[in-house]
Engineer: 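Just passing along the structure, written as structure tokens.
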Amino acid sequence: MYPNEDFAGAEERLREFLIQRFGGPQHYSTKRGHPRLKMRHAGFHIDQRGRDRWIELMEAALEEVQLPKEVVPTLKAFFHEAATFMINRA
Ligand code: HEM
């Protein structure tokens, strides 16, 4: 679903969004404006299965990077809630 020709760009947008969302520098909005994530995802077919797969991959990534363990529940809760909100197809 992610753009093959701009995978590095997609990674950078997600990274800068997450940095901003959790209190870091606002580089995402400087480049992209207000996040409006639901709207930006509207063009992609996101159903329950896609949402669950996205979570599975994001949790594998969390496992891989070994962040301080006290921040992991906060990130997981955000991912679960936001990914459910992104569902736009039955
Ligand atoms: C916690 C949930 C999620 C967050 C925080 C998130 C965040 C983002 C952000 C910040 C972008 C870049 C928007 C832009 O500036 O254009 C993006 C793009 C995208 N997202 Fe998500 N997303 C989430 C869930 C999902 C899910 C569940 C899917 C699909 C199963 C998905 C698929 C995509 C795709 C295909 C793009 C386009 C790649 C790009 O051009 O950046 N996202 N997402």
Side-chain angles (χ1 to χ4, degrees):
M1 209 183 279
Y2 276 66
N4 271 331
E5 69 290 354
D6 187 22
F7 204 70
E11 188 179 321
E12 180 181 300
R13 289 186 282 279
L14 178 57
R15 180 171 61 245
E16 292 190 339
F17 169 80
L18 291 173
I19 289 170
Q20 167 172 322
R21 177 65 180 68
F22 289 96
Q26 310 278 302
H27 299 313
Y28 175 83
S29 284
T30 302
K31 293 179 190 164
R32 307 288 290 167
H34 189 287
R36 299 185 207 287
L37 285 190
K38 181 89 179 187
M39 184 199 81
R40 290 189 202 266
H41 287 78
F44 303 103
H45 181 118
I46 304 179
D47 55 14
Q48 182 72 40
R49 193 167 147 256
R51 175 258 182 227
D52 291 348
R53 178 67 177 146
W54 192 97
I55 293 284
E56 191 181 317
L57 293 171
M58 190 55 84
E59 291 192 342
L62 274 178
E63 191 67 36
E64 198 178 304
V65 295
Q66 292 290 308
L67 296 175
K69 69 176 185 327
E70 64 275 18
V71 309
V72 173
T74 306
L75 287 170
K76 279 193 183 174
F78 171 74
F79 290 144
H80 279 249
E81 197 176 311
T84 301
F85 182 61
M86 240 42 87
I87 292 175
N88 54 27
R89 307 283 201 287

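In this chain, numbering begins with 1 at the start of the sequence shown. Numbering of ligands and ligand atoms starts at 1, following listing order.
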Engineer: Salt bridge or not for Glu16 and Arg32, using N-O below 4.0 Å?
Structural biologist: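 Arg32 and Glu16: not salt-bridged.
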
Engineer: Hey, could you give me the CD1/CE distance between Ile46 and Met1, rounded to the nearest 0.5 Å?
Structural biologist: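 Here the rounded value is 6.0 Å.
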
Engineer: Ignoring waters, how many N, O or S atoms from the protein are under 2.8 Å from atom 21 (Fe) of ligand 1?
Structural biologist: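 Excluding waters, the total comes to 1.
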
Engineer: Could you tell me whether Pro3 approaches ligand 1 through its side chain, its backbone, both or neither, with non-hydrogen atoms closer than 4.0 Å?
Structural biologist: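 The answer is the side chain.
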
Engineer: Could you tell me whether some N/O pair between Arg51 and ligand 1 is separated by less than 3.5 angstrom?
Structural biologist: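 By distance alone, the answer is no.
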
Engineer: What distance separates Lys38 NZ from Arg40 CZ, expressed to the nearest 0.5 Å?
Structural biologist: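 The distance works out to 15.5 Å.
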
Engineer: How about Leu37 and Phe17: do any of their side-chain heavy atoms sit closer than 4.5 Å?
Structural biologist: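 Contact flag for Leu37/Phe17 side chains = yes.
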
Engineer: Identify, with sequence neighbours excluded, every residue that meets salt bridge (Lys or Arg N to Asp or Glu O under 4.0 Å) alongside Asp6.
Structural biologist: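 Arg13.
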
Engineer: Could you tell me, atom by atom, which parts of ligand 1 come under 4.0 Å of a heavy atom of Phe79?
Structural biologist: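 With Phe79 as reference, the close atoms of ligand 1 come out as 1 (C).
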
Engineer: Note the single closest protein heavy atom to atom 30 (C) of ligand 1, along with its residue, its atom name and the distance in Å.
Structural biologist: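 Its nearest protein heavy-atom neighbour is Gly50 O, 3.4 Å.
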
Engineer: Identify the protein heavy atom lying closest to atom 39 (C) of ligand 1, giving its residue, its atom name and the separation to 0.1 Å.
Structural biologist: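 Result for atom 39 (C) of ligand 1: Arg13 NH2, 3.3 Å.
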
Engineer: Group every Ile, Leu, Val, Met, Phe, Trp and Tyr by side-chain heavy-atom contacts under 4.5 Å, then state whether Leu18 and Val65 land in the same group.
Structural biologist: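 Yes, it is one cluster - the side chains of Leu18 and Val65 are joined through contacts under 4.5 Å.
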
Engineer: I need the minimum non-hydrogen distance between Ile19 and Pro25, along with the two atoms involved.
Structural biologist: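 In this case the closest contact between Ile19 and Pro25 is CG2-CD, 3.6 Å.
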
Engineer: How close does the nearest protein non-hydrogen atom get to atom 16 (O) of ligand 1, and which residue and atom is it?
Structural biologist: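 Answer for atom 16 (O) of ligand 1: Arg32 NH2, 2.7 Å.
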
Engineer: Here's a test for you: under side-chain contact (heavy atoms from CB on, under 4.5 Å), which of Arg21, Gln20, Glu12 qualifies with Tyr28?
Structural biologist: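 It is Gln20, the one option of Arg21, Gln20, Glu12 that forms the side-chain contact (heavy atoms from CB on, under 4.5 Å) with Tyr28.
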
Engineer: Sequence neighbours left out, what passes salt bridge (Lys or Arg N to Asp or Glu O under 4.0 Å) with Arg15? Give chain and number order.
Structural biologist: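 Per chain and number, Arg15 pairs via salt bridge (Lys or Arg N to Asp or Glu O under 4.0 Å) with Glu11.
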
Engineer: Run the numbers for me: atoms of ligand 1, each under 4.0 Å from some heavy atom of Ala10, listed by number.
Structural biologist: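 So the answer, numbered in order with elements, is 38 (C), 39 (C), 41 (O).
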
Engineer: Write out the residue and atom name of the closest protein heavy atom to atom 1 (C) of ligand 1, then the distance separating them to 0.1 Å.
Structural biologist: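 Result for atom 1 (C) of ligand 1: Ala82 CB, 3.3 Å.
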
Engineer: What side-chain donor-acceptor pairs closer than 3.5 Å can you find for residues 76-86, not counting sequence neighbours?
Structural biologist:
residue: His80; atom: NE2; partner: Glu59; partner atom: OE2; Å: 2.8
residue: Thr84; atom: OG1; partner: Arg51; partner atom: NE; Å: 3.0
residue: Thr84; atom: OG1; partner: Arg51; partner atom: NH2; Å: 3.1
residue: Thr84; atom: OG1; partner: His80; partner atom: O; Å: 2.8

Engineer: With heavy-atom distances below 4.0 Å as the criterion, list the atoms of ligand 1 near Ala83.
Structural biologist: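 This gives 1 (C), 2 (C) as the contact atoms.
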
Engineer: Starting from atom 10 (C) of ligand 1, find the nearest protein heavy-atom neighbour and note its residue, name and distance.
Structural biologist: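 Going atom by atom, the protein heavy atom closest to atom 10 (C) of ligand 1 ends up being Phe17 CB, 3.5 Å.
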
Engineer: I'd like to know whether CZ of Arg89 has more than 12 heavy-atom contacts from other residues, nucleotides or ligands below 6.0 angstrom.
Structural biologist: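 Result for CZ/Arg89: enclosed.
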
Engineer: So for Tyr28, does at least one of its heavy atoms come nearer than 4.0 angstrom to any atom of ligand 1?
Structural biologist: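 Contact present.
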
